[in-house]
Amino acid sequence: MNRLEGLDRRALIRRALLLVGGAALSLPRAVLAGEGAPYLAPERLDTLAAYADSLIPATDTAGAIDAGVPRTIDAMLRDWASDKTRADFAATLDALDDAARSATGKKLAVLSADRRAPVVAAFDADRIAALDSAYIRLRELTLIAYYLSEPGATQELRYELIPGVWEADIALGDDRRAWAV
């Protein structure tokens, strides 16, 4: 049985916090903003950006690129990650780029969004089925970095600063947004 089946948003956040040991909550603001010199080589950073954009594209809300997800992950690798985590992420990004080259003859970063989507979907399915922990961490960190960003938390999710009365069952409106917690 796939260990990722049945995960909801709360379970994903719980796993991600275990993954980073709560470090995201104590990281300096500069890391979360992705400030500083890049850690990843330009080709890997481009692959990360293409992957993040494929996972969370811009729609009526900001996507992963607009939210600064690649810069945030790069800053976490530079300022926080162990050498093993850095090597795992680099190998995963290289494998993703190799999969794109095998499927299309081109690097992931140069493919259009519609040509990237099936490559990323196939890579995602293969790596999750194989329980590739490095890829799963990259995927989770991409999602967590997005939902911890201002656009992810305030545009993609609905945020209510001062909640009203608790209601157990509220129908979604036309915008179909989930609630940030």
Side-chain angles (χ1 to χ4, degrees), residues 1-9 11-13 15-16 19-20 24 31-149 151-152 155-156:
M1 180 173 150
N2 187 340
R3 289 191 293 178
L4 297 178
E5 287 179 15
L7 282 182
D8 60 6
R9 188 173 62 89
L12 178 66
I13 290 171
R15 284 190 62 185
L19 168 73
V20 297
V31 170
L32 291 175
E35 297 171 1
Y39 168 76
L40 290 170
E43 277 193 4
R44 284 188 181 139
L45 195 54
D46 291 345
T47 301
L48 176 60
Y51 169 73
D53 187 52
S54 296
L55 198 61
I56 309 169
T59 56
D60 61 327
T61 61
I65 301 296
D66 301 323
V69 169
R71 290 188 320 266
T72 300
I73 292 173
D74 182 71
M76 289 182 78
L77 289 172
R78 180 189 66 229
D79 298 334
W80 166 82
S82 69
D83 289 338
K84 180 178 180 343
T85 299
R86 289 178 183 146
D88 287 348
F89 275 45
T92 299
L93 292 171
D94 290 346
L96 183 55
D97 216 18
D98 290 343
R101 283 187 186 135
S102 294
T104 67
K106 296 182 180 180
K107 297 185 303 184
L108 189 71
V110 300
L111 296 174
S112 63
D114 61 330
R115 293 202 56 211
R116 270 194 326 251
V119 171
V120 171
F123 188 83
D124 185 74
D126 180 54
R127 293 299 172 116
I128 288 176
L131 299 176
D132 179 346
S133 63
Y135 173 73
I136 292 169
R137 281 186 292 163
L138 174 63
R139 188 175 196 277
E140 288 177 339
L141 190 56
T142 302
L143 294 169
I144 293 302
Y146 178 72
Y147 286 108
L148 286 177
S149 72
Q155 294 173 19
E156 179 71 21

Taking distance alone, no hydrogens or angles, what donor-acceptor pairs closer than 3.5 Å link side-chain atoms of residues 62-69 to residues at least two apart or in another chain?
{"from": "Asp66", "atom 1": "OD2", "to": "Gly63", "atom 2": "N", "distance (Å)": "3.3"}

Sorted by chain and number, sequence neighbours left out, side-chain hydrogen bond (donor to acceptor under 3.5 Å, both in side chains) with Ser149 holds for none
Sequence neighbours excluded, the answer for salt bridge (charged side-chain N to carboxylate O under 4.0 Å, His left out) partners of Asp97 is Arg101
For Arg86, the side-chain hydrogen bond (donor to acceptor under 3.5 Å, both in side chains) test, sequence neighbours excluded, returns Asp83
Quick note, ring-ring contact (aromatic ring centres under 6.0 Å, His included) partners involving residues 100-121, not counting sequence neighbours, are none
In terms of heavy-atom contacts, Thr92 and Ala134 come closest through OG1-CB, 3.5 Å
d(Leu111 CG, Thr104 OG1) to nearest 0.5 Å is 4.0 Å
Between Thr47 and Leu93 the two heavy atoms that sit nearest each other are CG2-O, 3.6 Å
Taken in chain and number order and not counting sequence neighbours, the residues that satisfy side-chain hydrogen bond (donor to acceptor under 3.5 Å, both in side chains) with Asp98 are none
So side-chain hydrogen bond (donor to acceptor under 3.5 Å, both in side chains) across residues 111-126, not counting sequence neighbours, yields Asp53-Arg116, Ser54-Arg116, Ser112-Asp114, Asp124-Tyr135, Asp124-Arg139
- Message: Show, in sequence, the C-alpha distance, side-chain angles and deciding distance for Ile56 and Glu156, and conclude whether the side-chain contact (heavy atoms from CB on, under 4.5 Å) test is met.
- Response: CA-CA 11 Å; Ile56 309 169; Glu156 179 71 21; 5.9 Å; no
Closest non-hydrogen contact found for Ala100 with Val119 is CA-CG1, 3.6 Å
Minimal heavy-atom distance between Pro70 and Leu45, with the atoms involved, is O-CD1, 4.1 Å
Salt bridge (charged side-chain N to carboxylate O under 4.0 Å, His left out) filter on Lys106, not counting sequence neighbours, yields none
For Ser102, the side-chain hydrogen bond (donor to acceptor under 3.5 Å, both in side chains) test, sequence neighbours excluded, returns none
| message | For a 4.5 angstrom cut-off between non-hydrogen side-chain atoms, does Lys107 reach Asp46? | response | no
Contacts satisfying ring-ring contact (aromatic ring centres under 6.0 Å, His included) that involve residues 102-122 (not counting sequence neighbours) are none
| Pair Leu138-Tyr51, side-chain contact (heavy atoms from CB on, under 4.5 Å): steps then yes or no | CA-CA 10 Å; Leu138 174 63; Tyr51 169 73; 4.2 Å; yes
CG (Leu40) and CG (Leu77) are apart, to the nearest 0.5 Å, by 5.5 Å
Heavy-atom closest pair (Asp74 atom, Tyr39 atom, distance to 0.1 Å) is OD2-N, 2.8 Å
### Task
Kindly indicate, with the supporting measurements, whether the criterion side-chain contact (heavy atoms from CB on, under 4.5 Å) is fulfilled by Arg44 and Asp94.
CA-CA 7 Å; Arg44 284 188 181 139; Asp94 290 346; 2.7 Å; yes
Sorted by chain and number, sequence neighbours left out, side-chain contact (heavy atoms from CB on, under 4.5 Å) with Pro118 holds for none
*Evaluate the side-chain contact (heavy atoms from CB on, under 4.5 Å) criterion for residues Leu55 and Tyr146: first the C-alpha distance (whole Å), next the side-chain angles of each, then the deciding distance (0.1 Å), finally the verdict.*
CA-CA 10 Å; Leu55 198 61; Tyr146 178 72; over 6 Å; no
